[in-house]
There are 2 protein chains.
Amino acid sequence: MVTIQEVAKRAGVSVATVSRVINNRSKVKEKTRNRVEQAIDELNYEPSVLGRNLRNSESRLLLVLIPSISNPFYTEIINGIEDTSIKEGYNILLCETDSNPKREAIYFNLVRNRMADGIILMDPTINRKNVLELATNHPIVQCSEFDKEGNISYVSIDNELAAYQAVKHLIKIGKKRIAFINSDEKFLYARERRAGYEKAFREFNIAVEKKRIYNINQLNFESGQQAMRTLLNQEEKPDAVFAVSDVLAIGALKEIHANGLKVPDDIAIIGFDKISFSNMTHPTLTTVSQPMYRMGCISASMLINKIKGEEVESMLLEHELVIREST
Amino acid sequence: MVTIQEVAKRAGVSVATVSRVINNRSKVKEKTRNRVEQAIDELNYEPSVLGRNLRNSESRLLLVLIPSISNPFYTEIINGIEDTSIKEGYNILLCETDSNPKREAIYFNLVRNRMADGIILMDPTINRKNVLELATNHPIVQCSEFDKEGNISYVSIDNELAAYQAVKHLIKIGKKRIAFINSDEKFLYARERRAGYEKAFREFNIAVEKKRIYNINQLNFESGQQAMRTLLNQEEKPDAVFAVSDVLAIGALKEIHANGLKVPDDIAIIGFDKISFSNMTHPTLTTVSQPMYRMGCISASMLINKIKGEEVESMLLEHELVIREST
DNA sequence: GTGAAAGCGCTAACAA
DNA sequence: TTGTTAGCGCTTTCAC
């Protein structure tokens, strides 16, 4: 590896001057600068991030923690994070935690010992104490899922309102027995969306029936199928389904078809997230779209501002009900 | 941040001894070790990766370059890489390149200045010269897509054979006008799969018709739809389609349905990769499954061996034709 | 078995 | 405008 010393020697200057040229902080004479730049070119020199970081105790690396990269919901968010970070001179490290506290700990430690400058957390809080403790000393931003009580900044949407509007839409098109496929309610978004679901029911004087609410514990197609299978086995079948995620909705759709039922006539269905698959199903899926790309951009710039020591404010962004063929 | 000095002071020993305890390289007296460990516990000390790396010039970080995280094909591979790396004490950095040479350059530089120890490349070769040059000085392994001429180690499958078998299957079920939705043939896998497609045709004395081969340049649903639309507009419609990726096949499927045609009776269809969504379509998609998880595991351990200075050998793994409803 | 000290590559304070 | 030098946190030789 070629170091700053070798460049300095070749250019006939001190290492300080080379450093100045690289970082152009203070003035360097045009002629000297040229000589240094030539030496850099000739030697193909790349400053060692390691040396620089150790000295500056910053790494210009951001950690992005997601439970699973296989969930397409995160894709657009990550694009937003990536674009913003790169623009600001940061790189991102995508970390898949599988909601595993051990893996999370590994990544948290990278921040503790300055291997990374901050974290964007998209993981639902696994170990509240750990997160809050880390947040007291290190820049953290929560994206999408967050902790209402803790005072860590976040970017998200109004999940209760979104769910309320989705269910209201189902009621408006004449559905009465609206089932709800929800995630584990340890997640904030799950609790909030359930609140929205119930709010719509109350507003139209429909009783909330426990048996129509099904909580899954894995966000994949199979869980959606499984949930729908159970719901269809009930004596009084639902005439609509609100699923907390497109992935679940698509699984449910598959199961409805397998039972020879028609969507939306027999059963209408709404998903959540507007993943790209949701437009490929037959019929296309009504869903709630979140401004994922923007969420990504905002959480990245929030984090970067935090790293710079600025105060930042949490935000709730707009969502949109996208009505397609399944309702 | 608590440093090794503070631990040393608290334990009443030198920093060297603390280092010895942490890395247990040379012998430390039981009693001393206990005192040091206690100090580490009390202070909640975490060794700085930065300091250690600078000294050892290693980072225990592996870069994984993928064109796009939104392609589900990579998900399982990454799981394999991750599991293996963590077992071996390495962390991975997922890097999305968008096939953008500039981004690629950023990540390559991380390796050049020892911020990362090696790279698993899943990106189709963008800039051959750069990759080959990097490979002369740094550990690189190619996964899935590789460079046949260069001598960089790789893990992949026999794409020609897989395509040959898929097309042969279509011929065997009585299809004659088999279209081929392929990627840009700058990619090795695209060229190889085309070779397999043509080989099957030759074997059954069917003429390869140029008009039935459609090259897309983006691996997404819309491209599949677009390709199918074009193919369906031809005077003599195809009676089968072999798509180089499930994502394309699903887009094509959507378009076939939109034209009121039946799958597989009017048009049979085969995809590639066995992504989880391929089992959610109606009808379910016949596809070629690759041992993605294993590919990930193997490429990770190959890279780690390379980092350790061992010789490694390239491998081609087994694939499997998964016959489902669409054929 | 343990400690002192050099040095990994870099930046920034201070001097010149 | 440029050079000298300390020091970021760590590991490892060399002495003891």
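Sequence lines set the chain letters: A, B, ... in the order given, protein chains first and strands last, and positions in each chain run from 1.
- Remark: P of C:dC10 and CD of A:E58 are 15 Å apart, rounded to the nearest angstrom.
- Contacts of A:T3 with the nucleic acid, taken as non-hydrogen atoms under 4.0 Å apart, involve only primed sugar atoms and P, OP1 or OP2.
- Distance, B:I4 CD1 to C:dA4 C1': 14 Å, rounded to whole Å.
- Listed pair B:N56 / D:dC10 fails the phosphate criterion, with no side-chain N or O lying under 4.0 Å from OP1 or OP2.
- Side-chain atoms of B:Q38 and B:D41 form no donor-acceptor pair, as typed in the model, at a separation below 3.5 Å.
- One atom, NZ of B:K9, and another, C1' of C:dG3, lie 16 Å apart when rounded to the nearest Å.
- Heavy-atom distances under 4.0 Å link DNA chain D to A:L54, A:R55 of residues 45-55 of chain A, given in residue order.
- Here B:K87 does not pair with B:E82 in a salt bridge; the nearest charged N to carboxylate O distance is not below 4.0 Å.
- With rounding to whole Å, A:N109 atom CG is found 16 Å from D:dG9 atom C1'.
- The distance from atom CG of A:N24 to atom C1' of D:dT2 is 16 Å, rounded to the nearest whole Å.
- You'll find that the side chain of A:Q5 is closest to C:dC10, out of C:dC10, D:dG3, C:dT2.
- The closest side-chain donor-acceptor pair between B:E58 and B:N56, if any, does not fall under 3.5 angstrom.
- One finds no salt bridge joining A:R35 and A:E37 here, because no Lys/Arg side-chain nitrogen approaches an Asp/Glu carboxylate oxygen to under 4.0 Å.
- At a threshold of 4.0 Å, the pair A:R294-A:E318 does not count as salt-bridged, since none of the basic side-chain nitrogens sits closer than that to a carboxylate oxygen.
- Going from atom CZ of A:R112 over to atom P of D:dG9 covers 17 Å, rounded to whole Å.
- Nucleic acid contact class of B:R20 (heavy atoms, under 4.0 Å, all strands): base.
- Distances from the side chain of B:V28 to the nucleotides C:dA12, C:dG9, C:dT2 place C:dT2 closest.
- Whole-Å rounding puts the A:M1 CE to C:dC8 C1' distance at 8 Å.
- The side chain of A:K27 has D:dT1 as its nearest neighbour among C:dA12, D:dG9, D:dT1.
- Under the 3.5 Å distance criterion, with hydrogens and angles disregarded, no donor-acceptor pair is assigned to the side chains of A:S59 and A:N53.
- Remark: A:R128 engages A:D147 in a salt bridge, criterion side-chain N to carboxylate O under 4.0 Å.
- Within the structure, a side-chain polar atom (N or O) of A:T17 is placed less than 4.0 Å from OP1 or OP2 of D:dG3.
- Of the two residues near DNA chain C, A:R25 and B:G12, the one whose nearest nucleotide lies more 5' is B:G12.
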